[in-house]
Visitor: 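What follows is a single structure, and I will ask about it in a moment.
Keep in mind that what you see is a predicted model, and the values were worked out from it rather than measured. One is the number of the first residue; the rest follow in order along the sequence. In listed order, ligands and their atoms are each counted from 1.
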Amino acid sequence: MFEKSTWIRLPRNVVVGHGVLERTVDVIDDLHLQGRPLFVTSPTPRRLAADPIAAQFEERGIDPAMVTVETASFDAVETVIETADAEEASYLVGIGGGKAIDIAKMASDHLDMGFLSVPTAASHDGIVSNRGSVPEGDTRHSVAAEPPLAVIADTEILAEAPWELTTAGCADIISNYTAVMDWRLAHRLKNVEYSEYSAALAEMTAEILVDNAAMIRPGLEESAWIVTKALMSSGVAMSIASSSRPASGAEHLFSHQLDRLAPDAALHGHQVGVGSIMTAYLHDGDPGVWTDIRDALASIDAPTTADELGIDADTVLEALTTCHEIRDRYTILGDGIDEQAAREVATRTGVI
Ligand SMILES: NC(=O)C1=CN([C@@H]2O[C@H](COP(=O)(O)OP(=O)(O)OC[C@H]3O[C@@H](n4cnc5c(N)ncnc54)[C@H](O)[C@@H]3O)[C@@H](O)[C@H]2O)C=CC1
Ligand SMILES: O=C(CO)COP(=O)(O)O
Ligand SMILES: [Zn+2]
């Protein structure tokens, strides 16, 4: 008897394009959301997007509550939950980079409330995913969370964001290549649940982005459009899999460990990109995939070396040799890479 079942949760409205921020209240109407929203944001995104959206609500006689967060932490999630209770919010709107959106989606899940995702940077593929990513002590959690009811991605704002935020988003997508290699490996060796559709979508998203790399240039709104669509597609792959596996393998473990060893040194996307060069080399040392990944990153101005990340060689080696301990996720790093081998891969790929 066939007893398998799945429940894929995706956004109902995805609104992308020039000036769409002005349509936020229309999206709220379309979703039949009532009551007072709580905006979860950080300082710059507040000025760029949260305040203008608040003005739209005020014109309708609704005064949105606002909470500003800086870090992705369970404490921040707790603060949002308490604020939502205190301010009698009916739904949440995450406005900003990956951290603000992650916190809003995790708090919404806890509160059993709807949530809207308003990215102000095309810097990460958590824009539509149903996962939150949070460090805690020595580990990093990929938490099941509320997927957005709607995404409002204004390409005018995204194109004006600092260029490195966009190149970080591109690198987060390019890292799908190695994430999927790790996922297949874990499926074959450890019988980890695997979705061919989700893996194909994650890989195809990276391929389309790389094929369009020449059109991804600073200040061009069309570039923001291309990158944002890729970020959404990658997020959908995670939602289909109900796991971050299609977009997060050993290169992400490496980045999460760097976040612990060198906090705020570099952007998430840039770290996973550099990690991806090295883990692709571990999958196959011959020039081919790893050199393609390095060249694709370089072509969109993303870092390909430790120097460009602003992180020293010793820290890179420490992260590489210890990151398998961060979470129970089987990857090409297996039960760990020894220091000599780590130095070899980092040197041969030109990372250090
Ligand atoms: N849940 C998921 O599936 C995923 C989650 N993530 C998480 O997302 C986070 C990384 O996201 P990022 O956006 O790189 O970091 P971030 O959220 O820290 O944003 C970086 C900085 O850019 C600022 N910013 C945002 N928009 C701006 C704009 N238009 N102009 C100027 N500054 C702006 C933010 O306020 C922040 O100071 C990590 O915590 C990562 O783990 C990343 C990928 C997937
Ligand atoms: O960053 C992610 C995908 O790009 C997901 O992150 P996790 O490694 O926390 O699952
Ligand atoms: Zn990522």
Visitor: Can you confirm, on distance only, whether ligand 1 has an N/O atom lying under 3.5 Å from any N/O atom belonging to Leu165?
Guide: no

Visitor: Say whether Glu70 and ligand 1 are in contact under the criterion: heavy-atom distance to a ligand atom below 4.0 Å.
Guide: no

Visitor: At a 4.0 Å threshold, what atoms of ligand 1 neighbour a non-hydrogen atom of Ala161?
Guide: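 Selected atoms, number and element: 28 (C), 29 (N).
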
Visitor: Under 4.5 Å between any side-chain heavy atoms of Val227 and Ile173, yes or no?
Guide: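 Heavy-atom side-chain distance check fails, nothing below 4.5 Å.
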
Visitor: Are any of the protein's heavy atoms under 4.0 angstrom from atom 8 (O) of ligand 1, yes or no?
Guide: yes

Visitor: Exactly which residues line ligand 2, taking a heavy atom under 4.0 Å from it as the test?
Guide: Asp125, Ser133, Ser142, Asp172, Met238, Ser244, Ala247, Ser248, His252, His256, His268, Arg327

Visitor: Within a distance under 4.0 Å of any heavy atom of Asp172, pick out the atoms of ligand 1 and give their elements.
Guide: 43 (C)

Visitor: Less than 3.5 Å between some nitrogen or oxygen of Lys99 and one of ligand 1, yes or no?
Guide: yes

Visitor: Could a heavy atom of Pro45 be found less than 4.0 Å from some atom of ligand 1?
Guide: yes

Visitor: Tell me which protein heavy atom sits closest to atom 40 (C) of ligand 1, plus the residue, atom name and distance to 0.1 Å.
Guide: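 Going atom by atom, the protein heavy atom closest to atom 40 (C) of ligand 1 ends up being His268 ND1, 3.7 Å.
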
Visitor: With a 4.5 Å cut-off on side-chain heavy atoms, are Ile337 and Leu282 touching?
Guide: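 Contact flag for Leu282/Ile337 side chains = yes.
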
Visitor: A side-chain contact here means heavy atoms from C-beta on lying under 4.5 Å apart; do Asp284 and Val289 qualify?
Guide: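 Side chain of Asp284 against side chain of Val289, heavy atoms only: no contact under 4.5 Å found.
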
Visitor: Are side-chain N/O atoms of Ser276 and Glu251 paired as donor and acceptor at under 3.5 Å?
Guide: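 Side chains of Ser276 and Glu251: no pair found under 3.5 Å.
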
Visitor: Considering only heavy atoms, does His270 approach ligand 1 within less than 4.0 Å through its side chain, its backbone, both, or neither?
Guide: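 Within the 4.0 Å criterion, His270 makes no contact with ligand 1.
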
Visitor: Does Arg23 CZ have over 12 foreign heavy atoms under 6.0 Å away?
Guide: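 No, CZ of Arg23 has 12 or fewer neighbouring heavy atoms, counting only those of other groups under 6.0 Å.
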
Visitor: For atom 15 (O) of ligand 1, what's the nearest protein heavy atom and its distance?
Guide: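 Ranked first by proximity to atom 15 (O) of ligand 1 is Gly98 N, 4.1 Å.
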
Visitor: Would you say Asp125 reaches the Zn ion (ligand 3) with an N/O/S atom under 2.8 Å?
Guide: no

Visitor: Counting from 1, what ligand 1 atoms have a heavy atom of Met238 closer than 4.0 Å?
Guide: 3 (O)

Visitor: Do Arg260 and Asp138 sit within salt-bridge range, that is, some charged N less than 4.0 Å from a carboxylate O?
Guide: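 Asp138 and Arg260: salt-bridged.
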
Visitor: State, yes or no, whether a side-chain contact exists between Asp182 and His252 at a heavy-atom distance under 4.5 Å.
Guide: no

Visitor: So does Arg217 have more than 12 non-hydrogen atoms from other groups sitting under 6.0 Å from CZ?
Guide: yes

Visitor: Does the protein put a heavy atom less than 4.0 Å from atom 36 (C) of ligand 1?
Guide: no

Visitor: List ligand 1 atoms under 4.0 Å from Thr44, heavy atoms only on the residue side.
Guide: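 Under 4.0 Å from Thr44, ligand 1 has these atoms: 30 (N), 31 (C), 32 (N).
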
Visitor: What do you reckon, is CD of Glu58 surrounded by more than 12 foreign heavy atoms closer than 6.0 Å?
Guide: yes

Visitor: So which heavy atom on Ser117 is nearest to which on Ile127, and how close?
Guide: OG-O, 2.9 Å

Visitor: Taking the non-hydrogen atoms of Gly132, is any one of them nearer than 4.0 angstrom to ligand 1?
Guide: yes

Visitor: Assess whether atom CD of Glu193 is packed by more than 12 heavy atoms of other residues, nucleotides or ligands within 6.0 Å.
Guide: no

Visitor: Tell me which protein heavy atom sits closest to atom 34 (C) of ligand 1, plus the residue, atom name and distance to 0.1 Å.
Guide: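 Closest protein heavy atom to atom 34 (C) of ligand 1: Ser42 OG, 4.0 Å.
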
Visitor: Output yes if His124 passes the N/O/S-under-2.8 Å test against the Zn ion (ligand 3); output no otherwise.
Guide: no

Visitor: Under 3.5 Å between some N or O of ligand 1 and some N or O of Arg140?
Guide: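 Looking only at distances, the answer is yes, because the N/O contact criterion of under 3.5 Å is met.
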
Visitor: Only to 10 degrees, please: what angle do the NE2 atom of His252 and the NE2 atom of His268 make about the Zn ion (ligand 3)?
Guide: 100°

Visitor: Filter on salt bridge (charged side-chain N to carboxylate O under 4.0 Å, His left out), then keep only pairs touching residues 157-175, sequence neighbours left out; what's left?
Guide: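 Of all non-adjacent pairs touching residues 157-175, none passes salt bridge (charged side-chain N to carboxylate O under 4.0 Å, His left out).
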
Visitor: Taking Glu70 first and then Lys99, would you say they form a salt bridge - that is, a charged N and a carboxylate O separated by under 4.0 Å?
Guide: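 Judged by the 4.0 Å cut-off on N to carboxylate O distance, Glu70 and Lys99 do not form a salt bridge.
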
Visitor: For atom 30 (N) of ligand 1, what's the nearest protein heavy-atom neighbour? Residue, atom name and distance, please.
Guide: Pro162 CD, 3.4 Å

Visitor: Please, which pairs that meet salt bridge (charged side-chain N to carboxylate O under 4.0 Å, His left out) have at least one residue in residues 322-341, sequence neighbours excluded?
Guide: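 Pairs touching residues 322-341 that pass the test: Glu339-Arg343.
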
Visitor: Could you identify the single nearest non-hydrogen protein atom to atom 19 (O) of ligand 1 and state the distance to 0.1 Å?
Guide: Gly97 CA, 4.1 Å

Visitor: To the closest 0.5 Å, what do you measure between CZ (Arg9) and CG (Leu149)?
Guide: 8.5 Å

Visitor: Between Asp102 and ligand 1, which residue portion shows a heavy-atom distance shorter than 4.0 Å: side chain, backbone, both, or neither?
Guide: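 Contact part for Asp102 vs ligand 1: side chain (C-beta onward).
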
Visitor: For a 4.5 angstrom cut-off between non-hydrogen side-chain atoms, does Leu220 reach Met215?
Guide: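 In short, these two side chains do not touch, never coming nearer than 4.5 Å.
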
Visitor: Just jot down the ligand 1 atoms closer than 4.0 angstrom to any heavy atom of Arg131, in number order.
Guide: 1 (N), 2 (C), 3 (O)

Visitor: Is the shortest heavy-atom distance from the side chain of Tyr91 to the side chain of Gln34 under 4.5 Å?
Guide: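 No, too far: nothing below the 4.5 Å cut-off.
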
Visitor: Which atom name does Asp172 have for its N/O/S atom nearest to the Zn ion (ligand 3)?
Guide: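 Result: OD1.
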
Visitor: Indicate the ring-plane relationship of Tyr281 and Trp290, choosing parallel, tilted or perpendicular according to the 30° and 60° boundaries.
Guide: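 Rings of Tyr281 and Trp290: perpendicular, over 60°.
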
Visitor: As an exercise, identify every atom of ligand 1 less than 4.0 angstrom from a heavy atom of Gly126.
Guide: 2 (C), 3 (O), 4 (C), 43 (C), 44 (C)

Visitor: Would you call Ala168 a ligand 1 contact, heavy-atom distance under 4.0 Å?
Guide: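 No, that is not the case, since the closest heavy atom of the residue is not under 4.0 Å from the ligand.
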
Visitor: Quick one: sort the His256 and His268 rings into parallel, tilted or perpendicular, breaks at 30° and 60°.
Guide: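 The rings of His256 and His268 lie parallel, inter-plane angle below 30°.
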
Visitor: Strictly by side-chain hydrogen bond (donor to acceptor under 3.5 Å, both in side chains), give each pair with a member in residues 122-135 just once, sequence neighbours left out.
Guide: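 For residues 122-135, and leaving out neighbouring residues, the side-chain hydrogen bond (donor to acceptor under 3.5 Å, both in side chains) pairs sorted by first residue read Lys105-Ser129, Asp125-Ser234, Arg131-Ser142, Ser133-Arg140.
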
Visitor: Under 4.0 Å between a side-chain nitrogen and a carboxylate oxygen: does that hold for Arg36 and Glu88?
Guide: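 Looking at Glu88 together with Arg36, the answer is no, because their closest N to O distance does not fall below 4.0 Å.
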
Visitor: Go through ligand 1 atom by atom and flag the ones less than 4.0 Å from a non-hydrogen atom of Asp125.
Guide: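 Heavy-atom distances to Asp125 below 4.0 Å select 43 (C), 44 (C).
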
Visitor: Could you tell me if any non-hydrogen atom of Lys105 lies under 4.0 Å from any atom of ligand 1?
Guide: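 Judged by the 4.0 Å heavy-atom criterion, Lys105 does count as contacting ligand 1.
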
Visitor: Which one of Thr120, Val69, Thr41 has a non-hydrogen atom at the shortest distance from atom 25 (C) of ligand 1?
Guide: Thr120

Visitor: Relative to atom 13 (O) of ligand 1, which among Ser129, Ser123, Gly169 owns the nearest non-hydrogen atom?
Guide: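 It is Ser123 that holds the nearest heavy atom.
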
Visitor: Using a 4.0 Å heavy-atom cut-off, say whether Glu160 meets ligand 1 through its side chain, its backbone, both or neither.
Guide: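 For Glu160, there is no contact with ligand 1 at all, from either part.
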
Visitor: Considering only heavy atoms of Leu48, which atoms of ligand 1 have at least one such atom less than 4.0 Å away?
Guide: 28 (C), 29 (N), 30 (N)

Visitor: Atom CH2 in Trp183, atom CG in Asn176: separation rounded to 0.5 Å?
Guide: 10.5 Å

